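A short worksheet on the structure shown next.
Letters go in sequence order (proteins before strands), and every chain restarts at 1. Remember, predicted model here, so these are calculated numbers, not experimental data.
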Number of protein chains: 2
Amino acid sequence: MPKISDVASRAGVSPATASRVLNGKSTVAPELAERVQAAAAEMQYRPNGLARSLRRRETTVIALIIGDVENPFFTSLARGVEDAAHADGYSVILCNSDEDPVKERRYVDVALQERAAGVVLSSAGSTESIGMLRDQRIPFVAVDRPVEGAATDTVVVDTRSAAAAATLHLLEQGYQRIGCIAGPAGIATADDRLAGYRDALRAANRRIPARLVRHAEFKAAGAKAAARQLLDRRERPDALLVANCVMARGVLEAMAELGLRSGRDVGLAAFDDDPWTTLITPPMTVIAQPAHDLGLIATRLLLSRIADPARAATTSTLHATLIPRGSTER
Amino acid sequence: MPKISDVASRAGVSPATASRVLNGKSTVAPELAERVQAAAAEMQYRPNGLARSLRRRETTVIALIIGDVENPFFTSLARGVEDAAHADGYSVILCNSDEDPVKERRYVDVALQERAAGVVLSSAGSTESIGMLRDQRIPFVAVDRPVEGAATDTVVVDTRSAAAAATLHLLEQGYQRIGCIAGPAGIATADDRLAGYRDALRAANRRIPARLVRHAEFKAAGAKAAARQLLDRRERPDALLVANCVMARGVLEAMAELGLRSGRDVGLAAFDDDPWTTLITPPMTVIAQPAHDLGLIATRLLLSRIADPARAATTSTLHATLIPRGSTER
DNA sequence: ATCCGGAGGGAAATCGTTTTCTCGGGTGAC
DNA sequence: GTCACCCGAGAAAACGATTTCCCTCCGGAT
């Protein structure tokens, strides 16, 4: 692969001049410039990004750390990140933490080694990773889940009040024994949704029955098991709030196996607006999150921080919207 | 951020020695080694990946270029790629071509600039990108879709015969007028599936009705429009083979709007085994592709080629399996 | 005519590693 | 006792760009 000095000598100029032409930073005699451009084109010259980044002491790569690429919420978010990043000439390294703090830490390590320009982080709760990012003063933004400690650029959804609204909706629809299949304790979105559920019940002067709450991983299998436990007994809940759509899949499977229909037998509302939720019968009530925007905004925030590291930290909270459908009609 | 010379001077040795200790390539007196390790740990030293890669003339990043991260088939594939890559210490740059040859080319350009160690490519059909990769002799493997020209490491699915098998299944279930909603002409998987559909009809001595075939993008919206055209008339098909599950979503929407039930009114089979396909009623017949394995194997192939660029090209063909469900029962 | 300023372009330093080169000292063989 | 060899460690080169520094030349002002 040709290097800039090859281009330069072919054009009969010094590497310095070639660099100036190719980067358009400084003015160069038009004739020389043309020769350089021509030489570069003929040789299919492509600057070595590593050398460039090393010298400039900056890269055009950002790392995106999320829990699960197979969750449509995260892919949509990832898509937003990619769109925003690419629009500014940045590439995205995708990192799948599997909600495992250890894996998360390893990925932060990689990002640090590769001198990523910044990190978009949906943290599984590894305080260590956050510490590393802060220590190294590498720009990062927390997305979907806030992080502890010092002020940090953050983009989240008002998930707690959305959970409360969904729970209230279930109450209004006449459901009496409302249960909750929550995500893993310790993950902010999971805790917040559970808190919102409790808020709504408390506001309605209902007992908050601990027996109707189950925690599970953000996976279908765990949610399915949890749903079976809740539903397969006499005193079962007549409605469920589920922490996300991946889990809702498991819940629906459990209900099918138990012969329970959603809406009529068990009211069902879940976070995220996965595309399949309108294909089932009855269609499922969801709390739609603006996942794509989440990624977009987080990335723009990150890029602006890269441009100005001194700027004060910003938190923006996006709105989730309840979309009532058949699964919450008796 | 500390550099290796900082570590070295803290340990009272030369940078060369520090490097030798940290990479374990050469033997160093145990006492010095210990001092270096200690200094590195105390200073939280992290080698600068850019400088290292520049000097070593190799990187530990591979690029993954796919059509659509929001398609579960591709996310599953991406997951396989990531797992295999990460197991070998490589990172993955995610590139979303949107099935656009121009975007694909741009991403190949980025991969080349950043001197990616290799590329896993599910090509939208940009011969130009392939040419660039070949010219630069950068290791790459074609996944899901073969590429034209010289022998290339390739991992694909026997999609044509799988499409034939699915069509035969529809015939055996008694469907008479079988239509096909194919992907964009020019994309190998789309063409192959259509060809397989035709193979099966020909083998059964059926007419191959051009009016029952529609092309659309690999998106729900396009497939929905195509399905409406096919289904909203007297002489409508009584079964459809759909090129993938994303498109099947659109088809199901169209059917719902037209008041058609799958199975009874219109037999339905689609490629990919998206998780929601068992949640609808009736559950949908699918042709399951081993997406995760596809990514895994492709990446292992890529890594082995990086290790040995001279090795002869390999093609491996994985099997897709028909999973008959209610949507193909009358 | 002299001086100043600015612009254009080459030489060389620089980014942070790894690796080659080199040198001194110790060891084993003859 | 001498020579050859090896091993450990520092000095310096190399990776391929960008950027600083500096020199030269030209035009305009005094």
Side-chain angles (χ1 to χ4, degrees), chain A residues 1-37 39-40 43-61 89 109-117 136 138, chain B residues 1-37 39-40 43-61 89 109-117 136 138:
Chain A
M1 234 183 249
K3 40 184 170 176
I4 200 168
S5 60
D6 299 330
V7 173
S9 59
R10 176 160 189 151
V13 300
S14 74
T17 303
S19 171
R20 286 191 263 255
V21 172
L22 267 11
N23 292 294
K25 291 288 176 191
S26 166
T27 63
V28 173
E31 194 215 325
L32 293 192
E34 201 152 328
R35 290 217 308 266
V36 171
Q37 296 286 14
M43 308 178 81
Q44 295 224 56
Y45 169 70
R46 245 177 287 270
N48 183 321
L50 297 165
R52 164 178 290 175
S53 299
L54 177 60
R55 173 62 232 232
R56 287 202 178 146
R57 323 191 79 199
E58 65 187 25
T59 59
T60 55
V61 174
D109 232 351
V110 171
L112 256 31
Q113 286 227 165
E114 301 303 322
R115 301 302 193 263
Q136 308 292 336
I138 172 174
Chain B
M1 236 183 246
K3 40 184 171 179
I4 199 169
S5 61
D6 299 331
V7 174
S9 61
R10 175 159 189 151
V13 301
S14 74
T17 302
S19 170
R20 287 191 264 255
V21 172
L22 266 12
N23 292 294
K25 292 287 177 190
S26 169
T27 63
V28 172
E31 193 215 326
L32 294 191
E34 200 152 330
R35 291 217 307 266
V36 170
Q37 296 287 13
M43 307 177 83
Q44 294 223 53
Y45 169 70
R46 246 177 287 272
N48 182 321
L50 297 165
R52 163 178 291 176
S53 299
L54 177 60
R55 172 63 230 228
R56 286 199 179 150
R57 323 190 76 195
E58 67 185 25
T59 58
T60 53
V61 173
D109 233 350
V110 170
L112 257 31
Q113 286 228 164
E114 301 302 324
R115 301 300 191 266
Q136 308 292 337
I138 170 174

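- The base of dT18(C) is paired with the side chain of Arg55(B) by a donor and an acceptor separated by under 3.5 Å.
- When all heavy atoms of Ala39(A) and Arg10(A) are compared, the closest pair comes out as CB-CG, 3.9 Å.
- Looking at residues 5-16 of chain A, you'll see Ala16(A) sit with a heavy atom under 4.0 Å from some atom of DNA chain D.
- The listed nucleotides are dT18(D), dG9(C), dG16(D); the one nearest the side chain of Asn48(A) is dG16(D).
- Checking dG16(D), dA17(D), dT19(C) against every side-chain atom of Leu54(A), the shortest atom distance belongs to dG16(D).
- A distance-only check finds a donor-acceptor pair linking the side chain of Arg35(A) to the backbone of Ala11(A) [under 3.5 Å].
- The interatomic distance linking Glu58(B) (CD) with dA14(D) (P) rounds to 20 Å, in whole Å.
- Straight-line distance from the OH atom of Tyr45(A) to the C1' atom of dT18(D): 10 Å, rounded to whole Å.
- Rounding to whole angstrom units, CD of residue Glu114(A) and P of dC15(C) are separated by 20 Å.
- Here the shortest heavy-atom pairing between Val28(B) and Ala33(B) reads CG1-N, 4.1 Å.
- If you measure from atom CZ of Arg57(A) to atom P of dT17(C), you get 11 Å, rounded to the nearest angstrom.
- Residue Glu34(A) contributes atom CD, which lies 14 Å from atom P of dG9(C) at whole-angstrom precision.
- Here the P atom of nucleotide dA13(C) and the CZ atom of Arg56(A) are 22 Å apart, to the nearest Å.
- Between the side chain of Arg20(B) and the base of dG10(D), at least one donor-acceptor pair of N or O atoms lies under 3.5 Å.
- Atom pair Ile4(A):CD1 and dC15(D):P shows a separation of 15 Å (rounding to whole Å applied).
- Between Met1(A) and Lys25(A), the one whose closest nucleotide on DNA chain D sits nearer the 5' end is Met1(A).
- Side-chain contact between Met43(A) and Asp6(A): present, with at least one pair of heavy atoms (C-beta onward) separated by less than 4.5 Å.
- For Ser19(A) and dA17(D), the shortest distance from a side-chain N or O to OP1 or OP2 is not below 4.0 Å.
- We find that CG of Asn23(B) is positioned 11 Å from P of dT17(C), with the value rounded to whole Å.
- No donor-acceptor distance shorter than 3.5 angstrom exists from the side chain of Ser19(B) to the backbone of Pro15(B), with no hydrogens or angles considered.
- At a threshold of 4.5 Å between non-hydrogen side-chain atoms, the residues Lys3(A) and Asn48(A) do not count as touching.
- Proximity of Arg52(A) to Asn23(A): side-chain heavy atoms (C-beta onward) are separated by under 4.5 Å at one or more points.
- Here the closest heavy-atom approach between residue Val7(A) and residue Val36(A) is recorded as CG1-O, 4.0 Å.
- Using modelled atom types, no side-chain atom of Arg57(A) and backbone atom of Leu54(A) make a donor-acceptor pair closer than 3.5 Å.
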Report, one pair per line, the protein and nucleotides 6-8 of chain D atoms (nitrogen or oxygen only) whose separation is under 3.5 Å.
residue : atom : partner  : partner atom : Å
dG8(D)  : OP1  : Thr27(B) : OG1          : 3.2
dG8(D)  : OP2  : Thr27(B) : OG1          : 2.4

